[in-house]
There are 2 protein chains.
Amino acid sequence: MSIDPKTAMATADDVAKLVGVSRWTVNRAFKPNASISPKSRAKVMAAAEELGYAPDLLAASLASDRSNLVALLIDDFANPHKLQIIEQLTRILRGHGWDTLLVNTLNAADAPSALLTASQRRVDAAVLIGVQFNDQELESALGARRVRKLILFARQSENPNTISICCDDQAAMTTLTDYVGEQGYTRPLFVAGPQTTSAHLLRKETFVSRWQQVHAQQLPFVAVPAYDPQLSYQAVADHLRTDGERPDILVCENDALAMGAMDALRFEFNLRTPDDIAVIGFDDVPQAATPQYQLTTYRQPIAEMVNALVDVLKGTADMETLNQFSGQLVVRASA
Amino acid sequence: MSIDPKTAMATADDVAKLVGVSRWTVNRAFKPNASISPKSRAKVMAAAEELGYAPDLLAASLASDRSNLVALLIDDFANPHKLQIIEQLTRILRGHGWDTLLVNTLNAADAPSALLTASQRRVDAAVLIGVQFNDQELESALGARRVRKLILFARQSENPNTISICCDDQAAMTTLTDYVGEQGYTRPLFVAGPQTTSAHLLRKETFVSRWQQVHAQQLPFVAVPAYDPQLSYQAVADHLRTDGERPDILVCENDALAMGAMDALRFEFNLRTPDDIAVIGFDDVPQAATPQYQLTTYRQPIAEMVNALVDVLKGTADMETLNQFSGQLVVRASA
DNA sequence: ACTATCTTTGCACACGGGTGCAAGTCTCAT
DNA sequence: ATGAGACTTGCACCCGTGTGCAAAGATAGT
């Protein structure tokens, strides 16, 4: 083996010595647009390969004040949609030269500490996704202030210190509400997620107010404490057992809730979807397309949104359109 | 706002100046077991809070040769089991002071490049999980040699440069094989994942050879190109359509394949589980417990395995037992 | 051959903190 | 009061690379 991993890694100085140039020439060889002659670069690269040299990104970050690191804060692992987002985010960011620090935030109280850690790693940005984060803490928490860019992904925010990249939830839910009405449903039950005080989705509010506006009818809802199919199963089952009048459609804040709800209908009450009770979700997770769910849902343009994130990181984003992405209704059998 | 994020971050020197001590005293205040008087520490912490100071982990990594960073390489996002592993790994590692760099490796050819990036960030270890990684590349790839510790998680390896933390797959599959026999099944079909040449699971081999040993019977199998329920659905459907004799149980390399297979049985052939064909999986993903699957499966002790990873990182691990974890058979309705 | 111009290379200084040791300070028994 | 021993603090040097500028080298036109 030519390189002994026990010995110290080769540095640019080592390569420089071997080639007979200065250290700076070596580092330039590794920069795409650096001013260096093709000949020097070739010699450097050859020597680098021989020594197993690769530039130290830590030292580079320290010196340059850019880490090419993005922190991703997630607290919601029961929701399969997160896996999709993680996949696309890590893949696309990596394609543009950013690495991803994945931080599992245990709960809202833990988020400030997670942000602090991220800031100590000098991340170029921290992306909060599905995190239950208190808007006030976004102001006061030390970590929040230390992070260069604070980005809420797939979630709205009124906090001016924050950049929000998301769908126009109101427009999306309006589309969905109208669809529900057009299909002739008259007794919707909204299945909502955690009722946080801030940084939350406007889906329930939009659906309820839009429905009320068109149908002049108050709507009941169920609140599930987390975006977890099992909790949704429980909550929906409990609700249907206690409440007298049966809804004809469950409008769910996302697919995780929708799938749990649908399971409850089927296995607790032996009800069929959509014949007995229809179900509609949000996110279009992979499981939504499987034959047992065939879930009608709304798909967010995640890849586009991640590309917008890249623009934000590069500083070339159009800040006006960042929270106005529009997705599409995916009609399947469930509603 | 007391801290302007646009201005430079406070450094230990700034805090030192404010308190009237040396920089080293400031840094000591942030180390749990450093030699510093409680009084100094209190003064330092107060000043630090005032200035919004927190130690720079990049600079610390550079100077100390420990990054407290672990790279996690994953290429298999269609498998919901990955989400469980990611969740536990990030949570437990964070509890012990390690951060996680999540790298989405596109395919086997991409893994060396991902490892190289990780090594450039000076990760303390790179954890390969479910990655289709060529064993030869584990020898030759630059990134593989530059990484301090190379760990295969939930996967065996014969490569001596590699540390493998996993179940005793043979023992697990033997348990499972015997269970299948005891339940009276006589025509198993094995549903296998990608047939890579190395670093793969020994589940198929173990099941087939064990079955053959006991029942003196050759076994058919299906190979699915990825651990993706949809691909499993297709492969199983195709197989059952073409092959004449119908198996009485599908033994699947993991739950992702098992769920896809079960869907195929139900929706392509209108067969019921386990009455018409039983199904058995591996991993015990959350979905396996839902009423529509009720999947009999084998649960690996992920938390224990992650704790072993922590021991490896700390250098206190018992290397002998690292690939001999044992999980448990979870019997549900599907087989 | 000589100068104007462009390209390539080298360098001082900076980034923020860790390590091990030596000097300084304090405590307490004598 | 004094000295041994324990606890605190300060310091020189190092980790590996980026930045902007100045010097050196190459190129082309006359």
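Naming: A, B, ... by sequence-line order, numbering from 1 per chain. Just so it is clear, the structure is predicted and the values come from calculations on it, not from any experiment. Only this structure's heavy atoms are used, side chains among them; waters, hydrogens and symmetry mates stay out.
- Not a single donor-acceptor pair, N or O on each side, falls under 3.5 Å between the base of D:dG10 and the side chain of B:Arg23.
- For C:dG18, the base has no donor-acceptor partner in the side chain of B:Arg66 [N/O atoms by modelled type, under 3.5 angstrom].
- Among the atoms of the strands shown, only primed sugar atoms or phosphate atoms (P, OP1, OP2) are found under 4.0 Å from some heavy atom of A:Arg122.
- In this structure, A:Asn33 atom CG and D:dT19 atom C1' are separated by 16 Å, rounded to whole Å.
- Between D:dC15 and B:Ser61, no contact under 4.0 Å exists linking OP1 or OP2 to a side-chain N or O.
- For A:Asp56, the side-chain atoms get nearest to D:dG16 when compared with the rest of C:dT8, D:dT8, D:dG16.
- Counting only heavy atoms from C-beta outward, the side chains of B:Leu101 and A:Arg121 never approach each other to under 4.5 Å.
- When the P atom of C:dT8 is taken as reference, atom NZ of A:Lys39 falls 11 Å away, rounded to whole Å.
- Here C:dT19 presents its C1' atom at 14 Å from CG of B:Leu62, a figure rounded to the nearest Å.
- Per the geometry, CG belonging to A:Leu58 stands 10 Å off C1' belonging to D:dC15, to the nearest Å.
- Closest approach to the B:Thr11 side chain among C:dG16, D:dT17, D:dG16 is made by C:dG16 (side chain taken as heavy atoms from C-beta onward).
- Whole-Å rounding puts the A:Arg121 CZ to C:dC15 P distance at 22 Å.
- In terms of position on DNA chain C, the residue among B:Lys31 and A:Thr25 whose nearest nucleotide sits closer to the 5' end is A:Thr25.
- The backbone N or O of A:Ile86 sits less than 3.5 Å from a side-chain atom of A:Thr90, completing a donor-acceptor pair.
- Taking only side-chain nitrogens and oxygens, B:Asn27 never comes nearer than 4.0 Å to OP1 or OP2 of C:dG16.
- Positionally, the nearest nucleotide of DNA chain D for B:Ala34 lies more toward the 5' end than for the other of B:Asp65 and B:Ala34.
- The side chain of B:Ser64 contributes no N or O atom lying less than 4.0 Å from OP1 or OP2 of C:dG17.
- In this structure, of C:dT19, D:dT17, D:dG10, it is D:dT17 that holds the atom nearest to the side chain of A:Ala59.
- For the pair A:Ile36 CD1 and D:dA26 C1', the interatomic distance rounds to 15 Å; values are reported in whole Å.
- Taking only side-chain nitrogens and oxygens, A:Ser40 never comes nearer than 4.0 Å to OP1 or OP2 of C:dT8.
- Atom pair A:Asp14:CG and D:dG16:P shows a separation of 8 Å (rounding to whole Å applied).
- Using modelled atom types, one finds no donor on one side chain facing an acceptor on the other under 3.5 Å when comparing A:Asp110 with A:Thr105.
- Between A:Arg148 and A:Asp65, at least one side-chain nitrogen of the basic residue sits less than 4.0 Å from a carboxylate oxygen of the acidic one, meeting the salt-bridge criterion.
- Interface remark: the A:Trp24 side chain does not form any donor-acceptor pair with the C:dT8 base, using a distance-only criterion of under 3.5 Å.
- Between the P atom of C:dC15 and the CD atom of A:Gln120 lies a distance of 19 Å, rounded to the nearest Å.
- Distance from the side chain of B:Ser37 is smallest for D:dT8 among the nucleotides C:dT8, D:dT8, D:dC15.
- Comparing D:dC15, D:dT9, D:dT17 against the side chain of B:Ser35 picks out D:dT9 as the nearest.
- Between B:Tyr227 and B:Phe77, the ring center distance fails the sub-6.0 Å criterion.
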| task | Evaluate salt bridge (charged side-chain N to carboxylate O under 4.0 Å, His left out) for A:Asp56 paired with B:Arg122, printing each intermediate quantity in order. | result | CA-CA 8 Å; A:Asp56 184 316; B:Arg122 293 188 168 220; 2.4 Å; yes
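- With hydrogens and angles ignored, a donor-acceptor pair closer than 3.5 Å exists between the side chain of B:Arg28 and the base of D:dG10.
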